[in-house]
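For the single chain, residues carry numbers from 1 onward in sequence order.
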Amino acid sequence: MEHLNPPQREAVLATEGPLLILAGAGTGKTRVITHRIAHLLARGISPWQILAVTFTNKAADEMRHRVEHLVPGQGRAVCLSTYHAWCAQLLRVEAAAAGLPPHFVIYDEGDQKALVKECLQELNLDEKSYKPGVLVAMISRAKDDLIDARSYEIHALTSTDPVRQIVTSVYRLYQKKLERAGGVDFGDLIMKAVELLRDQAAIRTKYQERFRYLMVDEYQDTNHAQYLLTKYLAAQHKNICVVGDDDQAVYVWRGADIRNILEFERDYPNAKVITLEQNYRSPRTILDAAWGVVQRNQHRKEKKLWNERAGGETVRVEELPNEVSEAQFVVGEVHALAQSQYALSDFAVFYRTNAQSRVLEDAFRRAELPYRLVGTVRFYERAEVKDVLAYLRVILNPRDSLSLKRILNVPPRGIGKATLQLLEQAAKARQDPLFEILQRLDQIAGLGPKAKAALERFLDLLHGLIVDRKQETAKGMIQQVLERTGMIQALEEEGDAESLVRLDNLQELVNAVEEYEQRSPDRSLEGFLEQASLLTEADTVGRAPNGVTLMTVHLAKGLEFPVVFLTGLEEGLFPIGDSTFALEELEEERRLCYVGMTRAKDRLYLTSTASRRLYGQPHWNVPSRFIAEAGLVTRPESPLPAEPQAGVTPWTFPFSTPPPTPIQIGQRVRHPEFGEGKIIEKSGTGEHLKVVVLFDTGRWKKLLVKYARLEPLGT
């Protein structure tokens with residue numbers, strides 16, 4: 001522990017009882033967690049009695065590597081995992097008690113949307129009016145709050161809100177389809193684990209005894225279900241250590257509850273609190289500017305980062321005429337600094353919304369400077385990769401009708417939409433999985449001889465692969481699928497540039513499973529599919545090896561770069577919103593700005609534009625209030641409030657006319673043609689403010705507020 005500072009050392013030594021470590025950005029929290037685990041092992045605590053959970057596989061792997069380095073031979077036996085991976089493992093072991101098949105499959109976000117689309121079709125609801133992505137998010141938030149389909153239905157019966165009635169129908173059918181397929185989604189993993197610990201005393205006692213020491217990283221990002229899971233596990237011994245930073249809580253929109261960290265001492269009255277404030281990343285100029293922004297939030301624990309590193313470049317603020325000039329400025333600075341002291345991989349450009357990346361990309365391409373856009377399609381979401389994974393999931397669990405539908409005609413084998421429709425109608429009528437219907441093709445009326453022959457060949461292929469699974473490793477099964485389905489041959493015959501890229505992706509999939517087998521002792525197909533399903537966007541985010549990194553600020557959390565450009569700092573864009581801000585929304589925007597600023601190790605640029613083209617029209621802006629709050633410019637004479645007020649804080653744009661009435665999500669309105677409804681989404685600013693209204697008739701409409709003539713009715 002000789003390299004730890006006094007608060008870090010205190011945190012490592014405080015092993016008994018509840019402990020809250022408030023770890024500011026760049027204060028070495030990973031070092032503290034890993035040294036704390038090493039200290040427990042050195043005291044003779046069994047590695048089997050320690051559980052440490054975090055939010056990304058990448059973070060868990062990094063911690064595992066560090067602990068193994070500190071305590072060779074013991075570190076890898078510690079259970080270091082993500083919440084979802086740990087719950088998946090728990091449910092595999094306790095599948096019978098959880099009411100799950102032993103080979104249940106995990107549906108990722110893409111699978112969830114596909115399943116919701118099926119539900120919309122069966123319920124005769126228009127996919128264009130009822131967005132699958134919105135419905136998936138609403139179902140996921142319900143599960144974060146431990147509200148199952150039946151409970152959601154009961155809540156809906158007491159509500160006059162039509163959106164609840166729609167979601168109830170979709171949620172009920174969605175869950176029924178999941179169960180029929182022997183599948184779970186991300187929300188189920190946590191919810192079912194919580195239900196297991198809550199309702200099964202013997203299982204609860206078993207895991208409380210097993211894990212006597214519990215550590216939770218990024219505790220500010222936990223939702224209600226994760227909070228209760230943690231509480232159940234720690235209830236007996238209360239040796240719980242949570243590490244986090246309320247100033248970096250930027251996932252409220254994803255279900256995270258900042259109250260979990262702010263109210264930890266209420267849950268554990270005897271908790272010890274240690275604050276890590278010594279920063280090892282950024283110079284004082286950057287830390288002081290970032291603190292100037294975040295310290296204005298009312299809901300936070302008091303702390304201020306400091307660094308022994310004196311001096312540092314002044315934070316540079318630039319107001320440019322428009323977004324093209326902004327992009328040219330960024331490229332010019334990158335080019336100049338790359339000529340002298342930095343590699344291109346040292347630069348990161350952050351923005352609030354993905355739409356801002358286009359102008360930046362154009363500028364980097366014109367300058368012939370390599371860059372990497374983070375947040376594009378991830379490897380396991382590419383079509384050809386998902387096709388192979390779907391084959392593997394069906395081989396493992398033939399009840400998975402969603403995956404079976406995907407591969408029915410991949411590669412093409414003459415099974416068209418009409419045939420699929422006949423199969424689905426039979427499955428719906430008999431309430432059977434699609435695989436069971438394929439066993440009884442003679443009973444399907446209207447099925448032609450060619451289609452029947454193609455289906456029989458497909459079924460023979462599946463039966464052969466299912467038999468092979470018993471003696472093949474995960475890698476062997478992927479190779480069998482690629483060879484016996486003819487996927488490789490089909491792509492080779494196409495022979496165009498796109499097909500070659502897809503072939504490369506399939507080869508990379510073989511490499512991925514080979515790496516998995518080298519790391520994992522069981523080399524099982526279940527384990528590989530679980531790993532692939534549980535990978536999140538954050539696991540693929542990192543510094544571009546040979547170019548400038550472009551990404552949204554949300555994705556930047558947990559990273560660091562020598563030079564950072566935080567762009568688009570304009571009212572309405574960052575903070576994002578219209579002319580009014582609810583206190584909670586504004587505070588989260590501040591935290592997001594703080595996260596972006598504290599990623600910088602040497603230099604930080606804050607840029608804004610006087611005008612920016614939105615929805616095809618130029619929009620006049622004023623610089624973000626965050627620049628003034630950081631103490632980098634003198635606050636101009638303007639209607640900006642000195643301090644946020646509870647509820648809604650009004651703010652008027654001097655260069656654009658806001659709508660006459662504040663527009664809030666949840667606001668009920670009346671439209672002269674479509675009637676009454678509720679605002680469920682909003683985007684844009686000022687004259688370009690758009691809203692999505694769910695009308696009481698069940699229709700959803702996207703409207704430009706300037707012309708919509710909406711009459712507010714209250715909330």
Side-chain angles (χ1 to χ4, degrees), residues 1-15 19-42 50 52-56 58-71 75 78 80 213-221 240-250 261 264 272-288 290-291 294 300-310 312 348 538 541-543 556-562 564 591 594-602 604:
M1 291 185 288
E2 60 184 14
H3 300 298
L4 303 179
N5 64 38
Q8 288 176 335
R9 183 176 300 213
E10 183 184 6
V12 167
L13 295 174
T15 56
L19 172 65
L20 169 61
I21 302 175
L22 293 169
T27 56
K29 71 178 178 68
T30 303
R31 172 184 288 187
V32 170
I33 295 171
T34 52
H35 277 71
R36 197 170 185 275
I37 294 172
H39 178 64
L40 285 169
L41 295 173
I50 302 170
V53 290
T54 186
F55 276 82
T56 69
K58 185 165 65 174
D61 288 342
E62 170 67 14
M63 287 184 189
R64 192 176 296 110
H65 176 77
R66 290 201 196 186
V67 173
E68 177 63 17
H69 178 74
L70 289 168
V71 193
V78 174
L80 267 159
Y213 293 87
L214 178 62
M215 274 171 271
V216 182
D217 187 22
E218 304 285 9
Y219 193 63
Q220 78 280 351
D221 291 336
I240 176 173
C241 167
V242 301
V243 187
D245 182 8
D246 50 303
D247 288 336
Q248 296 186 74
V250 295
I261 191 167
F264 182 81
K272 185 180 184 67
V273 181
I274 297 172
T275 305
L276 305 182
E277 297 174 294
Q278 184 174 355
N279 177 278
Y280 293 93
R281 177 186 299 153
S282 310
R284 293 178 191 174
T285 50
I286 293 174
L287 297 179
D288 289 347
W291 180 77
V294 80
R300 67 183 294 268
K301 299 275 190 180
E302 185 53 46
K303 65 184 108 40
K304 184 178 181 181
L305 299 181
W306 59 276
N307 196 324
E308 292 179 343
R309 178 179 166 191
V541 171
R543 186 183 296 187
K557 190 167 175 287
L559 304 177
E560 60 181 36
F561 298 87
V564 166
R591 294 193 294 266
Y594 173 81
V595 166
M597 295 172 77
T598 54
R599 301 308 96 196
K601 296 173 67 176
D602 298 335
L604 174 63

How long is the gap from [atom1] on [X] to [atom2] on [Y], to the nearest 0.5 Å?
X    : Y    : atom1 : atom2 : answer
Y594 : R599 : OH    : CZ    : 8.5 Å
M215 : R36  : CE    : CZ    : 5.0 Å
T15  : L40  : OG1   : CG    : 5.5 Å
L13  : H39  : CG    : NE2   : 5.0 Å
L22  : Q220 : CG    : CD    : 10.0 Å
E302 : D246 : CD    : CG    : 10.0 Å

Under 4.0 Å between a side-chain nitrogen and a carboxylate oxygen: does that hold for [X] and [Y]?
X    : Y    : answer
D247 : R591 : no
D245 : K303 : yes
R281 : E560 : yes
R64  : E62  : no
K557 : D221 : yes

Taking the side chain as everything from C-beta on, heavy atoms only, tell me whether [X] gets closer than 4.5 Å to [Y].
X    : Y    : value
L19  : V273 : no
L80  : V67  : yes
T27  : E277 : no
H35  : R9   : no
D217 : F55  : no
I33  : M63  : yes

**Study point:** Test side chain to side chain donor-acceptor pair (under 3.5 Å) applied to Q8 and E10, step by step
**Key:** CA-CA 5 Å; Q8 288 176 335; E10 183 184 6; over 6 Å; no

To check you understand the geometry: which heavy-atom pair defines the closest contact between [X] and [Y], and what is its length?
X   : Y    : value
I21 : C241 : CD1-SG, 3.6 Å
I37 : A52  : CD1-CB, 4.1 Å
P7  : I274 : O-CG2, 3.6 Å

Could you tell me whether a side-chain N or O of [X] sits under 3.5 Å from a main-chain N or O of [Y], the two making a donor and an acceptor?
X    : Y    : answer
N307 : N279 : yes
S282 : A600 : yes
R284 : W306 : no

Review point. What do the steps show when you test N5 against Y280 for side chain to side chain donor-acceptor pair (under 3.5 Å), and what is the final call?
Key: CA-CA 11 Å; N5 64 38; Y280 293 93; 2.8 Å; yes

Practice item. Just do the side-chain contact (heavy atoms from CB on, under 4.5 Å) check on L20 and I261 with the steps written out, would you? Key: CA-CA 8 Å; L20 169 61; I261 191 167; 3.9 Å; yes

Exercise for review: Could you point out which residue of L287, D288, L276, I286 forms a side chain to side chain contact (heavy atoms under 4.5 Å, CB included) with L305?
Suggested key: L287

Check your understanding: Step by step, would you call T30 with V32 a side-chain contact (heavy atoms from CB on, under 4.5 Å)?
Key -> CA-CA 5 Å; T30 303; V32 170; over 6 Å; no

